[in-house]
There are 4 protein chains.
Amino acid sequence: MKRIGVFTSGGDAPGMNAAIRAVVRTGTAQGLEVVGIRRGYQGMIDGDFIELGPRDVANTLQRGGTVLLTARSKEFMTPEGRAKAAQNLRDAGIGGVVCIGGDGSYRGALKLVEEHHIPIVGAPGTIDNDLYGTDYTIGFDTAVNTALDAIDRIRDTAASHERVFFIEVMGRHAGFIALEVGIAGGAEVIVLPEDPTSAHACAQVIEASASKGKKSSIVVVAEGGYEGGAEALARDVKLCSGIEGRVTVLGHIQRGGSPTAIDRVLASRLGAACVDALLAGASGVAIGEVNDEIRLTPFKEAVEKRKDINRRKYELAKTLAL
Amino acid sequence: MKRIGVFTSGGDAPGMNAAIRAVVRTGTAQGLEVVGIRRGYQGMIDGDFIELGPRDVANTLQRGGTVLLTARSKEFMTPEGRAKAAQNLRDAGIGGVVCIGGDGSYRGALKLVEEHHIPIVGAPGTIDNDLYGTDYTIGFDTAVNTALDAIDRIRDTAASHERVFFIEVMGRHAGFIALEVGIAGGAEVIVLPEDPTSAHACAQVIEASASKGKKSSIVVVAEGGYEGGAEALARDVKLCSGIEGRVTVLGHIQRGGSPTAIDRVLASRLGAACVDALLAGASGVAIGEVNDEIRLTPFKEAVEKRKDINRRKYELAKTLAL
Amino acid sequence: MKRIGVFTSGGDAPGMNAAIRAVVRTGTAQGLEVVGIRRGYQGMIDGDFIELGPRDVANTLQRGGTVLLTARSKEFMTPEGRAKAAQNLRDAGIGGVVCIGGDGSYRGALKLVEEHHIPIVGAPGTIDNDLYGTDYTIGFDTAVNTALDAIDRIRDTAASHERVFFIEVMGRHAGFIALEVGIAGGAEVIVLPEDPTSAHACAQVIEASASKGKKSSIVVVAEGGYEGGAEALARDVKLCSGIEGRVTVLGHIQRGGSPTAIDRVLASRLGAACVDALLAGASGVAIGEVNDEIRLTPFKEAVEKRKDINRRKYELAKTLAL
Amino acid sequence: MKRIGVFTSGGDAPGMNAAIRAVVRTGTAQGLEVVGIRRGYQGMIDGDFIELGPRDVANTLQRGGTVLLTARSKEFMTPEGRAKAAQNLRDAGIGGVVCIGGDGSYRGALKLVEEHHIPIVGAPGTIDNDLYGTDYTIGFDTAVNTALDAIDRIRDTAASHERVFFIEVMGRHAGFIALEVGIAGGAEVIVLPEDPTSAHACAQVIEASASKGKKSSIVVVAEGGYEGGAEALARDVKLCSGIEGRVTVLGHIQRGGSPTAIDRVLASRLGAACVDALLAGASGVAIGEVNDEIRLTPFKEAVEKRKDINRRKYELAKTLAL
């Protein structure tokens, strides 16, 4: 292997640039040429490639988003599109590829590996932390801290007005962000896709809090924790209990921003480990960090298995809301 | 005057605590006793008063929200409610009051002054900056910086995905936050209540930006800048042009947080000036800062006159979006 | 056990309040009374105790420092002092104690356990992360992110002026902060107590960086990484190579601030685990988190064994500085 | 005038990029070509010029430092150096120049104007706010907020340990940062070059604070407020009173970071106004903002006159430290 490619795909996540930088610098240190593929799979099909040396990734470590851009590609969903992508990689002399993205990106990579035998390894770049085979994904810690900062702000208003607030955080299928931010933000209720609750049960906890002297309450709701999200939950809580609450949907602010230290270090390690894995002949595997050790997980397993939230943390959250 | 009261009312704003602290410490330095009235006008009616000495406001300068709490009061809307409030103030020996709040709070204060001859002066505590008689209101600078931080984050995603984003900021009747944050955030379009635009015109600017090579655009929309807000504008822009955009409504995060330096200093000056004004015999006036000088404006004028946005800044915003 | 005490000791660390809150709320949930001991061991000697219920720790989760205060105590260094402390605890009916602090605090606790058979368990509250028996200490992640923010700022100036900067971070005996922040901040050189370097070697790396086209360099120096710290290293580098650098000593800003999500969650878990451990009859042990599991380590081991930095991370840092 | 140049000089300040962007975009909108001169006066002598179009300054608004770099130039101190610089400008067809920098930069510009009749206007880019002819300089608000954030962190430690802290902020000749941050940070003592104090007087205030029940104190010291800075003051206070304090010198972290909203807006306005002024035939003048209006001040006046701190704010600071 003399030349490798690197791309980002799916939703952007803070730390993706740190991972790209690590791939470029580790690759170069190992004597490889590194090519950036822009706009994910679409750029692979379009041959949108650029050479990347160590200086080209200078001053990117601290930036949110991805300097290689990201995009959806319908064309890649077709066998013809993938064939074109594979051909472009071969034409460019790219002998191995690092894919930085989430679960959809891994599925695409798996197809390229299976259909065209392109060696690809993946690094988990997604704020949702819902990938099997790694304790944390790149971007998760930043997203949690961004959401936490927002909750701290809203708490000022909640406390001053003695009000109930419903705050929706990202997480359609997984409650990792909601759980972490719920504990860290001192939420009275945390609503997760992993343990759906009823408006009635939610109202009861708020009322119990009030009876213990809490004049304001924070309810953290994962997008997928209640049908219709925080807006619907607030409406239904009002219907069944009369409790009036304000709603804030944090939305896209959770995606961006300069990555935290943890995300920069994790991205750096995983990016470097991807290059090591490619050089060691690995393909079709996701690189993760489990108990502070690098671990390789086949893409198939990474996308099919489900990582559960930490149930003890979830129980703890309830105790601490006392 | 031996004893004065201080209260916060209306929506909370960062810096309110700095203003309370300044009233307490300046008052004490002038030989006055200071009483905190909790929960705004409702607390005035309920006699929810607490003595405040210099140590009681220690460590509050940097906190968002208001330690005196704030609330709406329907009872105060009635002559009986106001009579009760006035009687409570008199019974507590309170000879003058500092009201920290927005335009609704000033209207309430004006009634108390007119109907019950209680000396009251006001300090402009509202994030919206829509009060006549002061260049800036307490909380505005913090709200602008909070919104700006959110826009900087969203720009990471917008740039990475080459997308259009519609971001709604506070401002139902005034576009101060939208204008400031639009310039500071490098928005391609700023939609203000002071200069309503059509979805068609908005789409044209986005298209013109794209034709100049901009792959992503930020549209900052004041709540009152478009009927239905950012959500409606995004929908209508798509209808009339096909341009697809994402929407984020910043909402309540703009209210909270530790105040910026400017807000802490402004609140400190205005809080102190309120005490000076009361001691000088002023009543029924709002205290503001205009061109770095303290200025007194009758409540009537403060609530009736409209402060316009800076039109040259608005023109500048368009040039800079080049 | 019906009544437990909790105190903080040694240097303050962000997250100490989250740990106190967790002790109080978990303890209360388990039917215990919780007593706060103010000013560490000195307060134990002075009998400076306060009852703490769930509401008393409301709104402390997000605050830096420690609401129970901390202090040094010479008196506690004497057998008489410790006897008095133990007597006070017994007189107050305190049947077990949670000590939140660093390695000196653990040594003190060990003496109380050995000499007076007071059941004590410890939670690792120190920004330095230099405690054996836990992957991370409470406050470490916040300190790293605070230092990182400072380095990001300094990099702006370093890049604009094309200068070399020597930045000193905390860590007299351990380089955890320096290593983490060095990788995350993209430092060209990281100087650790665990691997002392010469000014000459440091100068060579800076020169090599310059020859690769880097116009500015960041050198992160742990306090104990070079005799005399960053100031001395900069001076010696200049002497031996002529390279001129600026120096910034981050100092106490690394201690304070609102804790990050990780620190709040870690502190919450460890605080709760301390109560569980006391109830299970544990004493003389430090509670830590290793590979996401709670682990108990005898105080003796916790203070005598040394936790090494991650050597692979350290190697990675050098590769990434390419 | 068909072609103008723009450069940054002296210490970098947050917002310089926003000013460059405004010059480029306003210039382009007016039909001018804009040339970036890199590394200040040295780049002028070296002919280090680059063409700048609207897209070249995209995504720079939010960045600290200066993308045009800055440097000292000994050569420019000589008549020959300046002649070469002027010749290069003429050779490049540059008919007017915008200089963004502090008082030394203005002096250099004045020489070029006088000796070589190059039309130059200046925008005040310096964190110190010590330039006559403008209420605020570009970068001041960001520096103040950065210092304030540091003080808020240190206060956590000061309060937890009940200690006295001496914090040194920038300001060799002017106390603007110290005064603003002192009020906003709730300092017990503020030491300014404009009103030097003795260690004895400082100690008295700290002792008076302690006698009023304040267990911790913050002393903010401008670099030039005490011979030897905060370190010397702390030492002398200890000598004359026995009061022990900790010292933190904030240093270079005050220079960098993403600019605040105020600095971005101010820089945008002043950058645009510089282009307008050049087109209107102005030269040898500094552009400032006074009472929200653009004002032109001859360089000579701008560098010779001294802007005083606001004495009423200074008095207020003392009252609020009650």
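Order of the sequence lines fixes the chain letters, A, B, ..., with proteins taken first and strands second; residue numbering starts at 1 for each chain. Computed over heavy atoms, backbone and side chain alike; hydrogens, waters and symmetry mates excluded.
- Between Gly139(A) and Ala13(A), the shortest heavy-atom contact is CA-CB, 4.3 Å.
- Here the shortest heavy-atom pairing between Val237(B) and Cys202(B) reads CG2-SG, 4.0 Å.
- Using a 4.5 Å heavy-atom threshold, the side chains of Ile253(B) and Ile154(A) count as touching.
- Crowding of Glu231(B) atom CD: a count of heavy atoms from other residues, nucleotides or ligands under 6.0 Å not exceeding 12.
- When Gly40(B), Gly64(B), Ala158(B), Gly251(B) are compared by the number of non-hydrogen pairs under 4.5 Å with chain A, Gly64(B) comes out ahead.
- Heavy-atom pairs under 4.5 Å with chain B were tallied for Arg153(A), Arg72(A), Glu162(A); the largest tally goes to Arg153(A).
- Of the listed residues Thr157(B), Thr66(B), Val249(B), the one with more heavy-atom pairs under 4.5 angstrom with chain A than any other is Thr157(B).
- Within the 4.5 angstrom heavy-atom criterion, only backbone atoms of Ala159(A) (N, CA, C, O) approach chain B.
- In this structure, no portion of Val67(B) lies under 4.5 Å from any heavy atom of chain A.
- Between Thr260(A) and Asp141(A), the side chains place a donor N or O and an acceptor N or O closer than 3.5 Å (distance only, hydrogens not considered).
- In summary, the side chains of Arg264(B) and Ser258(B) do present a donor paired with an acceptor at a separation below 3.5 Å, with no hydrogens or angles considered.
- Interface remark: Arg39(A) contributes side-chain atoms only to the contact with chain B (heavy atom separation under 4.5 Å).
- Using a 4.5 Å heavy-atom cutoff, the side chains of Met170(A) and Asp128(A) are in contact.
- Leu250(B) touches chain A through backbone and side chain together, each having a heavy atom under 4.5 Å away.
- For chain B, the nearby parts of Thr70(A) are the backbone and the side chain; heavy atoms of each come within less than 4.5 Å.
- In this structure, chain A has a heavy atom under 4.5 Å from the side chain of Thr248(B), while its backbone stays farther away.
- In this structure, Val189(A) and Ser217(A) have side chains that are not in contact, with every pair of non-hydrogen atoms separated by 4.5 Å or more.
- Heavy-atom pairs under 4.5 Å with chain A peak, among Gly257(B), Ser160(B), Gly256(B), at Ser160(B).
- Between chain A and the options Leu69(B), Leu68(B), Thr8(B), the largest number of non-hydrogen pairs under 4.5 Å is found for Leu69(B).
- Within the 4.5 angstrom heavy-atom criterion, atoms from both the backbone and the side chain of Asp12(A) approach chain B.
- Contact annotation for Gln254(A): neither backbone nor side-chain heavy atoms come within less than 4.5 Å of a heavy atom of chain B.
- Contacts between Arg63(A) and chain B at a heavy-atom distance below 4.5 Å are absent for every atom of the residue.
- Using a 4.5 Å cut-off between heavy atoms, Ile151(A) does not touch chain B at all.
- Proximity of Asn129(A) to Ile177(A): side-chain heavy atoms (C-beta onward) are nowhere separated by under 4.5 Å.
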